[in-house]
Protein chains: 2
Amino acid sequence: MAKATANSETPVTSQPRMPTDRMPTIRDIAELAGVATSTVSRALSRPDRVNPRTRQRIEELAAQLNYVPSSQARGLSSGRTNAVAVLVPDITNPFYFDIIRGTQHQLKAAGVTQLLVDTEESNEMELEALHKMRRSADGFILAASRLTDAQLAEVSGTQPLVTINRASASAPTVVIDTPSAIIQALEHLSSLGHHRVCYVSGPPTSWSNQARWKVFEEDSSKRGMETHRIGPFVPKTTSGAAAADAAVRTGATACIVFNDLLAIGMLQRLRERGMRVPEDMSIVGSDDIFGADFCNPPLTTIASPIEQAGRVAVSMLLSQLNPTPGRSSRKLAIMPTHLTIRASTGPAPD
Amino acid sequence: MAKATANSETPVTSQPRMPTDRMPTIRDIAELAGVATSTVSRALSRPDRVNPRTRQRIEELAAQLNYVPSSQARGLSSGRTNAVAVLVPDITNPFYFDIIRGTQHQLKAAGVTQLLVDTEESNEMELEALHKMRRSADGFILAASRLTDAQLAEVSGTQPLVTINRASASAPTVVIDTPSAIIQALEHLSSLGHHRVCYVSGPPTSWSNQARWKVFEEDSSKRGMETHRIGPFVPKTTSGAAAADAAVRTGATACIVFNDLLAIGMLQRLRERGMRVPEDMSIVGSDDIFGADFCNPPLTTIASPIEQAGRVAVSMLLSQLNPTPGRSSRKLAIMPTHLTIRASTGPAPD
DNA sequence: CAACTTTTGGCAACCGCTTGCCGCAATGTT
DNA sequence: AACATTGCGGCAAGCGGTTGCCAAAAGTTG
């Protein structure tokens, strides 16, 4: 004769409850609902493959159990991770923060997880991340990639990716059209009477740095201006001092600077040296980052829709990942820019 | 009799090569090495469980095939994801940039993936993220959580988490000790002859806002100062205008502001209104974010080791996830702060 | 009412890796 | 020489889902 009770037994309650220690799985739901796990799976992901009544029952149960599918398990069988990695050269730089903000926003909207990676301006780290994360991300967004053309081509052959501010024949790209705005900036300086201008360059490996210089050189000489170039400088405020000193030395009366960070650093140094901006020297930055409007003096800069660039990059990547049969996805997006004039530019001295 | 050849067959080559279309798995390596998959698995993750020679062979093969383990599969069987989610209320805010930078840094060092989530200052979004990501993260870092005490307690019962700038009895916490620095700031203002001071408050749901106000009120009245409080304001530069106007109206000669963002906004507005800082009004910010040193005038502020707070939070979380038998992990870290005096504070008017 | 089509749900084989358990061989112990 | 240890590697059962294939059930049609 069996003992009537055992403490380990719990009477069946009307409200189904899972063991609190373990996360509910598809199987728990299946048992409770009296169906197979496959049915639960389908009810949850391909709703029309299952009878509305069964489905509802399953959905209720799932909600009751607080069920959350394991993205790991799901990824394992489906082969997708539902995550996108965003690689930036310097997480410290406000410019990239705007990019991150943009990608984050758009990825979230698409229900995709963002994996953020700081490659520390290093070609090697970038490659390594690209390699190591192959399995954990469905695609990559490379902001201002430091990869060589060959590397980029190779990688983009293997895995979906889109670049930001790095033209490439092999991968879809979104570029911020700062170069064209440089013409506007030169026009602006020219109209203020400047004849000696200087380009303050950033990282030599930066594609956009090269692009900007090229346009600068062409257009300034076309205008008959005396053209200088200094650098390269690390694009941080701390390099601004060296840049400012070098700029002064060229005798130029106006500078167009690789980015706002550097420009702001220059502003500080120039003030220290007792030079007035814009009376003695005009400064044009680039990117219109956070801070460009409240530094002293507020910075005239080439305003870029940075955040939007991030969003567009995500769209391009996603449409590459889930191709719509008819439409082929876009390969290039050019984000327009414009000159935002603040107080750091003024008439040329004397 | 079997056909002698079939096109699908490839002669065995001396150099092992995998089908280019599929990612190499542990199984491919096992086959090539003539061992069982379990051996490969062990060779790669528990090196001393396997003969050095076998291990080396496997490692070479792995390198040759460019093998990268699938974190998904690994997580599925091990039950861990090797990822940590970092929840911030506003990815736009430089303060959180610094936190993110800190966590990112430390997580990367530990080989853990960072999942970044913007909860948009919303209690609900925060809860939802916490819920949805239960399965995809091993732990959570909540920066300036907007959760109620009850919610926080409940969540922290279920999953490992550490909060930043949000005291909690239930979860490990790292707080930045801005409140105590408020005393320094008041001392500073007092020594400059200010008698009428105003606290410009931030989000009412922010724990640190409450903490700051409490100290401000106590200490300023202890000093016999006339104490004002305005707000709450959304902690963005754009709210600075309203804050500045309200502050002027109180008749206070100095403000301590919830954060630098708001303070910078106030600086701008005061200038617009023709008020001089610090001659007519002194401003003390909080956090020493990017930009506090180059705004106009440079902001006196309560400097916080924000990035370090992020790093410490990660350490605390990780030691919670991989507990060292002997040592119990720390439950509270208080980050010291200090007053950084720049140009936005000066002697009280007349 | 039989023959046929469409739903609906179950079975079972994965996805790639981990791990408890076991067996075999080599080494160490009396 | 017989026996106990230890080191190394294999077997196989998962982890939590997805999905192709099939069969039962339900709905259609002449």
Side-chain angles (χ1 to χ4, degrees), chain A residues 18-19 21-59 61-62 65-83 132-138, chain B residues 18-19 21-59 61-62 65-83 111 132-138 322:
Chain A
M18 276 299 98
D21 56 329
R22 201 171 44 76
M23 297 243 168
T25 75
I26 215 180
R27 192 128 49 214
D28 299 322
I29 300 182
E31 251 161 50
L32 255 25
V35 298
T37 62
S38 48
T39 305
V40 177
S41 172
R42 282 193 280 254
L44 263 27
S45 48
R46 222 175 316 301
D48 43 335
R49 247 317 303 276
V50 90
N51 185 301
R53 272 212 307 288
T54 344
R55 171 156 66 93
Q56 197 193 336
R57 195 151 41 97
I58 291 178
E59 276 170 352
L61 243 22
L65 295 184
N66 239 290
Y67 169 78
V68 176
S70 149
S71 49
Q72 312 227 64
R74 191 173 259 170
L76 190 50
S77 38
S78 70
R80 314 193 83 207
T81 62
N82 212 31
K132 283 203 176 160
M133 304 188 74
R134 257 179 5 204
R135 305 288 286 267
S136 28
D138 293 337
Chain B
M18 277 299 97
D21 56 329
R22 200 171 45 76
M23 298 242 167
T25 75
I26 215 181
R27 191 133 49 217
D28 299 322
I29 301 182
E31 251 160 50
L32 254 26
V35 299
T37 61
S38 47
T39 305
V40 176
S41 172
R42 281 192 281 256
L44 263 26
S45 47
R46 222 174 316 297
D48 43 335
R49 249 317 303 277
V50 89
N51 184 301
R53 272 213 307 288
T54 342
R55 172 155 65 94
Q56 197 193 335
R57 194 152 41 96
I58 290 177
E59 278 170 351
L61 243 22
L65 295 184
N66 238 290
Y67 169 78
V68 176
S70 150
S71 49
Q72 313 227 60
R74 189 171 260 170
L76 190 51
S77 40
S78 70
R80 315 191 84 207
T81 62
N82 214 29
K132 283 203 176 163
M133 305 188 74
R134 257 180 4 205
R135 305 290 286 267
S136 29
D138 292 337
N322 322 358

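On a predicted model such as this, the values are computed, not experimentally measured, just so you know. Below, chains carry the letters A, B, ... as their sequence lines are ordered, and counting in each starts from 1.
Taking each heavy atom of A:I58 and A:V35 in turn, the nearest pair found is CD1-CG2, 4.2 Å.
The CZ atom of B:R53 sits 16 Å away from the P atom of D:dG7 (whole-angstrom rounding). D:dG10 atom C1' lies 15 Å from atom CD of B:E31, rounded to whole Å. Atom CZ in B:R57 sits about 14 Å away from atom P in D:dC8, given to the nearest Å.
Residue B:V35 has its side chain nearest to D:dG10 when only D:dG10, C:dT8, C:dC11 are considered.
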Do A:L65 and A:L32 pass the side-chain contact (heavy atoms from CB on, under 4.5 Å) test, and can you show the C-alpha distance, the side-chain angles, and the key distance before you say yes or no?
CA-CA 10 Å; A:L65 295 184; A:L32 255 25; 3.9 Å; yes
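Taking the side chain as every heavy atom from C-beta outward, A:R27 and A:I29 never approach each other to under 4.5 Å. B:N322 is listed as a side-chain neighbour of B:R80, based on a closest heavy-atom distance under 4.5 Å.
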Report, one line per pair, each donor and acceptor closer than 3.5 Å where one atom sits in a side chain of residues 67-75 of chain A; sequence neighbours left out.
| unit_1 | atom_1 | unit_2 | atom_2 | d |
| --- | --- | --- | --- | --- |
| A:S70 | OG | A:Q72 | N | 3.3 |
| A:S70 | OG | A:A73 | N | 3.0 |

Each nucleotide of nucleotides 14-27 of chain C classed B (base within 4.0 Å of a protein heavy atom), S (only sugar-phosphate) or -, in 5' to 3' order, makes -BBBBBB-------
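A:R134 CZ to A:T81 OG1: the interatomic distance, rounded to the nearest 0.5 Å, is 13.0 Å. Separation of atoms CG (B:L61) and CD (B:E59) is listed at 11.0 Å; rounding is to 0.5 Å.
Between the side chain of A:S41 and the backbone N or O of A:T37 there is no donor-acceptor pair closer than 3.5 Å.
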Listed pairs, N/O of protein and of nucleotides 23-27 of chain D, under 3.5 Å:
none

